[in-house]
Novice: 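Dropping a structure here in structure tokens format, bear with me for questions.
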Amino acid sequence: MGFFKYKGYSGSVEFSPEDNCLFGKVQGLHKATILYEGNSVDELRKDFEEGVDDYLSQCKERGVQPEKPYSGKLIVRMSSELHSRVAEAVAGSGTTINEFINKAIVNELEHEYAM
């Protein structure tokens with residue numbers, strides 16, 4: 001699956017063999033839903049961008065803050081043993097557990113998913 005990016009929003013790029021068209025959804029929103037479709041990548045991108053613009057315009061007209069995709073807050077569950085190992089690793093290092101986890105995620109993304 002691919003992704004479009006526009007004005008801080010990410011949208012999926014998918015194919016429906018039943019309908020023989022491309023479609024997608026803006027990712028990371030909880031209350032709002034922005035869907036789009038097209039018969040080509042250019043059409044899909046245009047509908048995605050128009051959907052985001054329409055959503056932002058409607059929020060402005062109603063005087064409400066648009067939802068931001070992904071809050072930046074993530075609860076991570078791990079075993080108590082792993083939590084202890086992480087705490088020991090950062091103790092006295094001048095960093096925090098949060099910074100340690102962020103760095104580990106960035107390293108994983110760079111090595112495994114070549115951002």
Side-chain angles (χ1 to χ4, degrees):
M1 174 182 0
F3 289 96
F4 290 135
K5 302 254 187 223
Y6 182 67
K7 294 186 177 179
Y9 293 86
S10 295
S12 63
V13 177
E14 301 181 57
F15 176 70
S16 170
E18 298 84 21
D19 300 321
N20 196 35
C21 74
L22 299 166
F23 70 96
K25 177 181 177 182
V26 172
Q27 305 295 297
L29 301 179
H30 297 290
K31 296 177 184 174
T33 302
I34 304 172
L35 305 172
Y36 44 92
E37 63 180 47
N39 291 314
S40 69
V41 173
D42 289 338
E43 279 184 22
L44 187 67
R45 181 185 310 276
K46 183 176 186 283
D47 203 36
F48 162 67
E49 291 177 359
E50 287 174 353
V52 170
D53 287 339
D54 187 49
Y55 169 68
L56 295 173
S57 175
Q58 287 178 19
C59 287
K60 186 175 183 177
E61 287 173 14
R62 295 188 338 249
V64 299
Q65 275 291 58
E67 253 189 280
K68 292 191 180 237
Y70 306 108
S71 67
K73 297 176 185 177
L74 178 67
I75 296 172
V76 178
R77 289 180 171 72
M78 63 182 73
S79 69
S80 60
E81 293 82 15
L82 181 57
H83 193 169
S84 177
R85 288 180 61 198
V86 171
E88 290 169 4
V90 301
S93 69
T95 189
T96 65
I97 290 176
N98 189 65
E99 291 168 341
F100 180 89
I101 291 171
N102 274 290
K103 184 177 178 183
I105 291 170
V106 167
N107 286 337
E108 181 70 12
L109 287 171
E110 288 176 350
H111 290 99
E112 293 296 323
Y113 299 97
M115 294 179 66

Novice: Determine whether N20 and F15 satisfy the following criterion, side chain to side chain contact (heavy atoms under 4.5 Å, CB included), listing intermediate values before the conclusion.
Specialist: CA-CA 7 Å; N20 196 35; F15 176 70; 3.6 Å; yes

Novice: What's the separation between atom CG in L44 and atom NZ in K46, rounded to the nearest 0.5 Å?
Specialist: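 So the gap between those two atoms works out to 12.0 Å.
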
Novice: Measuring only between side-chain heavy atoms, which start at C-beta, is Q27 closer than 4.5 Å to S12?
Specialist: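 When only atoms from C-beta onward are counted, S12 and Q27 do touch, with a gap below 4.5 Å.
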
Novice: Supply the atom-to-atom distance Y55 OH to K60 NZ, rounded to the nearest 0.5 angstrom.
Specialist: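 Reported value, rounded in 0.5 Å steps: 15.0 Å.
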
Novice: Anything under 30° is parallel, anything over 60° is perpendicular, the rest tilted; go ahead and classify Y36 against F4.
Specialist: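 If you compare the ring of Y36 with that of F4, the planes turn out tilted.
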
Novice: Hey, does the side chain of E112 reach the backbone of E110 with a donor-acceptor pair shorter than 3.5 angstrom?
Specialist: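 Here the side-chain-to-backbone pair does not exist.
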
Novice: Under a 3.5 Å distance rule, please check whether E49 uses its side chain to pair with a backbone N or O of Y6 as donor and acceptor.
Specialist: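 Answer holds: no.
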
Novice: When rounded to the nearest 0.5 angstrom, what distance separates OG in S10 from OH in Y70?
Specialist: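 Taking OG in S10 and OH in Y70, the distance rounds to 6.5 Å.
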
Novice: Treating Ile, Leu, Val, Met, Phe, Trp and Tyr as nodes and any side-chain heavy-atom pair under 4.5 angstrom as an edge, say whether L35 and V52 lie in one connected cluster.
Specialist: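 Unlinked, L35 and V52 end up in two clusters.
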
Novice: Treating E37 as the side-chain partner and C21 as the backbone partner, does any N or O pair qualify as donor plus acceptor under 3.5 Å?
Specialist: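 Checked: no pair found.
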
Novice: Looking at CZ of F48 and CG of D53, how far apart are the two atoms once the value is rounded to the nearest 0.5 Å?
Specialist: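 So the CZ of F48 and the CG of D53 are separated by 9.5 Å.
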
Novice: Between I97 and H83, does a side chain to side chain contact (heavy atoms under 4.5 Å, CB included) hold up when you go through it step by step?
Specialist: CA-CA 9 Å; I97 290 176; H83 193 169; 4.0 Å; yes

Novice: Taking T95 for its side chain and V90 for its backbone only, find out whether a donor-acceptor pair lies under 3.5 Å.
Specialist: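 Between the backbone of V90 and the side chain of T95 there is no qualifying donor-acceptor contact (under 3.5 Å).
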
Novice: Please find the pair of heavy atoms, one from G8 and one from P69, that lie closest to each other, and give the distance.
Specialist: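 Heavy atoms of G8 and P69 come nearest at O-CG, 3.2 Å.
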
Novice: So, the side chain of D47 versus the backbone of E43: is there a donor-acceptor pair under 3.5 Å, distance only?
Specialist: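 Between the backbone of E43 and the side chain of D47 there is no qualifying donor-acceptor contact (under 3.5 Å).
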
Novice: Could you go step by step and tell me if E67 and V26 meet the side chain to side chain contact (heavy atoms under 4.5 Å, CB included) rule?
Specialist: CA-CA 11 Å; E67 253 189 280; V26 172; over 6 Å; no

Novice: Between K68 and L29, what is the shortest heavy-atom contact and its length?
Specialist: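 Nearest pair, atom of K68 first, then L29: C-CD2, 4.2 Å.
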
Novice: Kindly compute the distance separating CG (D42) from CG (L22), expressed to the nearest 0.5 Å.
Specialist: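 Between atom CG of D42 and atom CG of L22 there are 10.5 Å.
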
